[in-house]
Amino acid sequence: MIQGKTLDAWYASHPVIQPLVALEQVSWFNPAIAPAAVALGDVGLTLADVKDASARLLRFAPYLAKVFPQTAAAGGIIESAIQPLKTLQQALLSEAALPDSGALWLKKDNDLPISGSIKARGGIHEVLKHAEDLALQAGLITLDDNYETLASERALGFFSQYKIAVGSTGNLGLSIGIMSAMLGFQATVHMSSDARQWKKDRLRASGVTVVEYPSDYSVAVENGRLQAQNDPACYFIDDENSPHLFLGYAVAAERLARQFEVAGVLVDAEHPLFVYLPCGVGGGPGGVAFGLKLAFGDAVHCVFAEPTHSPCMLLGVYTGLHDQVSVQDFGIDNVTAADGLAVGRPSGFVGRAMQRLIDGYYTVTDEELYRLMFLAHELEGVKLEPSALAGAPGIVRVLKDAQYLQRIGVTPARLANATHLIWGTGGSMVPTEEYATYLDKGRALQTTTHR
Ligand SMILES: *Cc1c(COP(=O)(O)O)cnc(C)c1O
């Protein structure tokens, strides 16, 4: 019994669950979405909150430029470029027997400085928010100061009285650990079994305490929460529920809007934008999608992508059970090579707040992630980790669903003008040798499955 119903009863009431449990690739476009003007009210956060986060990142920019020299050229702003993917687009559409349509782009969060993943947005923002709150309270800084002073011995000594804890499958720990340690905090990262060794090594080398668990993400998070409960000096960063993580991610949208303007990419009713976001617990894609809806309204269509072994957000929204249900409840194992996405239970906050703003969800096999990783590297020269390829099949899933396109009012003429954006969530910091073994795997899959 799952929530009072047999599996067969679930299959009858929610037919998508059957292929999901069989680990088949599925797509589900939510018929219950609502116009941005209505559904943005569900979130409990506003444009003013995103602007507040954006202004905080600006205040910290001089500090970041000073302590992370790799951000100096961008003035201490942690941002990634966009890149057209013409060749990959042709390959994906031709293997799906679809005519060429619209333009495929990549948002290169794999290249974000400091931690090489989308977590450099939310994770770093929340550490900075906590540091700023403490420093303001103690009179160490005022809002008008140059925050470079937070790189001083005095500030390091001040922050060293405080602790930060987080549970992570890898990338969030990397972002929060590196940022916390730089400021002087005592940081502990509780890591799930699927976290890669190089991420643990990297954190320990930065002076972060890494605690390893032989189990999945939820156990790591629970232990982080417990550590903080028992210690008033310890601040727990709650990946499942944090508005500060969410807002850090949301800032991406105003910057993307500027990048599109510079690149001459139009986004309006006649030029729709589809964004494909790899989803783990949901905070990253949820926050970015919130920002995108604020920036582009009904012209943007956000679609979440998950591994076939960890479709927690799809399951949560589709059943309406959100964080009351895990993929394991349905016999799905949550074991995937997409370590950033290996999450069995979705954020209750994101699923509930964003469900009327997210057009759809689809799943991808690990084999497809590796194969697409190889293709993206081969055809476009980009270095992405397997998780970050979850967005790549999105263009095909959308173009193949005529019913969905009709329902959202995207006519063939509008579709021809569409921009499809893959959110490339991580990868640049994967060690060369490890990346080479991923590529070998992807090359072998490409050779066996596609001529
Ligand atoms: C964390 C992560 C995601 C998804 O973010 P969530 O907030 O967990 O949904 C996607 N891709 C990569 C590479 C990640 O590290």
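Index from 1, following the sequence. Since this is a predicted model, take the numbers as computed values, not measurements. In listed order, ligands and their atoms are each counted from 1.
- Residue G284 has at least one N or O atom closer than 3.5 Å to an N or O atom of ligand 1.
- For G426, no nitrogen or oxygen atom sits less than 3.5 Å from a nitrogen or oxygen atom of ligand 1, counting backbone and side chain alike.
- Between A388 and ligand 1, no N or O atom pair is found at a separation short of 3.5 Å.
- Atom numbering of ligand 1 starts at 1 in the shown order; those under 4.0 Å from a heavy atom of P278 are 4 (C), 10 (C).
- Using 4.0 Å as the threshold, P285 has a heavy atom nearer than that to some atom of ligand 1.
- The distance between the ring centers of Y362 and W28 does not fall below 6.0 angstrom.
- The shortest side-chain heavy-atom distance between I422 and L104 falls under the 4.5 Å cut-off.
- Between R397 and D401 there is no salt bridge, since no side-chain nitrogen of the basic residue lies less than 4.0 Å from a carboxylate oxygen of the acidic one.
- On a distance-only criterion, T425 and ligand 1 share at least one N/O pair closer than 3.5 Å.
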Full working for side-chain hydrogen bond (donor to acceptor under 3.5 Å, both in side chains) between E240 and Y217: CA-CA 11 Å; E240 292 171 331; Y217 162 87; 4.6 Å; no
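- A salt bridge is absent between K383 and D111: the closest approach of a Lys/Arg side-chain nitrogen to an acidic carboxylate oxygen does not fall below 4.0 angstrom.
- Salt bridge status for D109 with R121: present, with a side-chain N to carboxylate O gap under 4.0 Å.
- The shortest separation from a heavy atom of V281 to ligand 1 is under 4.0 Å, placing the residue in contact.
- In this pair, F29 and Y404 present their aromatic rings parallel. The plane angle is below 30°, not in the 30 to 60° band.
- Summary of contacts: the protein heavy atom closest to atom 3 (C) of ligand 1 is K119 NZ, 3.5 Å.
- Atom 10 (C) of ligand 1 has its closest protein heavy atom at L341 CD2, 3.3 Å.
- For ligand 1, the atoms sitting less than 4.0 Å from at least one non-hydrogen atom of C279 are 9 (O), numbered in the order shown with element in parentheses.
- Counting all heavy atoms, side chain and backbone alike, E385 lies closest to D339 at OE1-OD1, 4.0 Å.
- Counting heavy atoms only, N171 comes closest to atom 15 (O) of ligand 1 of the residues L174, V343, N171, V350.
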